[in-house]
Amino acid sequence: MKSRGNKKTVAVVTGSSSGIGFETSLFLARNGFYTYATMRNLAKSDSIIDLKQKEKLPLEAVHLDVTNDKSIKEAIGKIIHEQERIDVLVNNAGYALVGPLEEISVQEFIEQFETNVFGVMRVIQEVLPYMRKQRSGTIVNISSVAGMIGFPITSAYVSSKFALEGLSESMAYELEQFGIKVVLIEPGVIKTNFNKNLRVGKMVASTNDSTSPYAEITQKRISGFIPRFEMGSAPKKVAEAILKAIRSENPDLRYMVGGDAFRLMEIKKNTSDGEFRKLVMKSVLR
Ligand SMILES: NC(=O)c1ccc[n+]([C@@H]2O[C@H](COP(=O)([O-])OP(=O)(O)OC[C@H]3O[C@@H](n4cnc5c(N)ncnc54)[C@H](OP(=O)(O)O)[C@@H]3O)[C@@H](O)[C@H]2O)c1
């Protein structure tokens, strides 16, 4: 990104009440970006506002629910009214729906996409006219290693992140002519509230004594999440990767974050699909 001299560089981050969004909003503000930490529930803004005040950070909390057109229009409208520009958009808001495909309803699958895919699309469509007019801007989409590799009992989440990968890779071609850059961040497991915010499908058998043919694998997968997330990388690592990408004149399209993500991708590259599936199943059923 070109330096803007002593003019403000404006960043907007979705899902800033927790985890990666919270750390990224703070980190960007600490690094001089005028940051709009957006969230769907402003009652959760106390901690970030406390830090803003203590550290005198250029940061504001603004209401934005990525599933609600009106809230997106109002938030982006307010930011443009105040700053007349948006230099960085970080599409971070998201959650994971858990369950085997057969026990997930189409409605639940649609809701997963409403947040993780159409939510991103809505915010991008609202911001793009301003970035095009500026002839600059960086759009950062928080994907996942699950945007590159499939995993059992999370097909809805995985397909939402695969969709985000395709969306980002394709729109990068269209936006280059306007000086707008597109970046995908692909974290491995990150220690946030993601695990607590997982949604288990209503028809999903999450106990072993269920008659569901998927009960065992579902239960093992769900109970495996807790130790995995305990060992996850710090969300600040993701914020650092985002800052590196947006400061770069020529950012890469993809940035992986976390040793686990690099290790998995390396194994995937050097293993047949069948062998890789066996390895994943062994690790899930352990
Ligand atoms: N943690 C990981 O291991 C990991 C790995 C790879 C990728 N990711 C991705 O990283 C992103 C952030 O997740 P996280 O790990 O930081 O989890 P988190 O701590 O659960 O944070 C998720 C954030 O998204 C917000 N959100 C959910 N639905 C929203 C909506 N409709 N509108 C606006 N905000 C909404 C949540 O708000 P509320 O507080 O109101 O619920 C929260 O602020 C997600 O896209 C996730 O897929 C996470």
Side-chain angles (χ1 to χ4, degrees), residues 12-27 36-48 61-76 89-98 110-123 126 140-149 151 154 156-165 167-168 183-199 224-239 241-242 254-262 264-265:
V12 179
V13 182
T14 67
S16 297
S17 65
S18 161
I20 294 170
F22 179 88
E23 287 296 332
T24 301
S25 282
L26 278 178
F27 197 62
Y36 286 87
T38 74
M39 57 192 81
R40 64 176 164 179
N41 181 1
L42 275 180
K44 293 188 179 176
S45 65
D46 290 359
S47 330
I48 209 161
V62 170
H63 176 256
L64 191 160
D65 179 338
V66 300
T67 62
N68 182 316
D69 287 316
K70 186 168 171 274
S71 99
I72 297 170
K73 276 195 192 315
E74 283 174 5
I76 302 303
L89 167 64
V90 182
N91 287 303
N92 162 76
Y95 73 93
L97 174 61
V98 177
I110 290 172
E111 283 164 17
Q112 172 77 99
F113 272 61
E114 275 297 337
T115 300
N116 291 15
V117 182
F118 301 123
V120 172
M121 188 178 156
R122 285 189 193 93
V123 184
E126 200 57 35
V140 179
N141 292 334
I142 309 299
S143 176
S144 168
V145 73
M148 307 285 278
I149 300 177
F151 296 100
T154 43
Y157 178 68
V158 167
S159 31
S160 75
K161 293 298 185 184
F162 267 60
L164 192 57
E165 293 272 334
L167 181 115
S168 310
V183 168
L184 278 158
I185 304 287
E186 296 163 335
V189 178
I190 308 294
K191 202 172 167 185
T192 63
N193 287 323
F194 192 69
N195 192 28
K196 289 181 208 133
N197 292 332
L198 295 173
R199 287 192 210 160
F225 284 139
I226 299 164
R228 271 206 180 85
F229 277 87
E230 276 311 307
M231 288 179 343
S233 312
K236 178 138 184 249
K237 293 269 168 239
V238 183
I242 294 172
R254 294 188 165 84
Y255 291 78
M256 271 197 288
V257 183
D260 57 336
F262 282 95
L264 255 173
M265 278 309 289

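Counting starts at 1 for both ligands and their atoms, in listed order.
Of all non-hydrogen atoms in Gly147 and Glu165, the two that sit nearest each other are O-CG, 3.3 Å.
Listed by chain and residue number, nothing satisfies the ring pair (Phe, Tyr, Trp, His ring centres under 6.0 Å) test with Phe162 (two or more places apart in sequence, or in another chain). Partners of Phe113 under the ring pair (Phe, Tyr, Trp, His ring centres under 6.0 Å) rule, at least two apart in sequence or in another chain, are Phe109.
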Pair up each side-chain donor or acceptor in residues 188-198 with any protein partner under 3.5 Å, not counting sequence neighbours, and list the distances.
residue, atom, partner, partner atom, Å
Lys191, NZ, Glu230, OE1, 3.4
Thr192, OG1, Phe194, N, 3.0
Asn193, OD1, Lys196, NZ, 3.0
Asn193, ND2, Ser18, OG, 3.1
Asn197, ND2, Asn193, O, 3.3

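Taken from OH in Tyr157 to OH in Tyr95, the straight-line distance is 11.5 Å, to the nearest 0.5 Å.
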Test log, rule side-chain hydrogen bond (donor to acceptor under 3.5 Å, both in side chains), inputs Ser71 and Asp65: CA-CA 6 Å; Ser71 99; Asp65 179 338; 5.6 Å; no
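Within 4.0 Å of ligand 1, heavy atoms belong to protein residues Gly15, Ser17, Ser18, Gly19, Ile20, Arg40, Lys44, Leu64, Asp65, Val66, Thr67, Asn92, Ala93, Gly94, Thr115, Ile142, Ser143, Ser144, Tyr157, Lys161, Pro187, Gly188, Val189, Ile190, Thr192, Asn193, Phe194, Asn197, Phe229.
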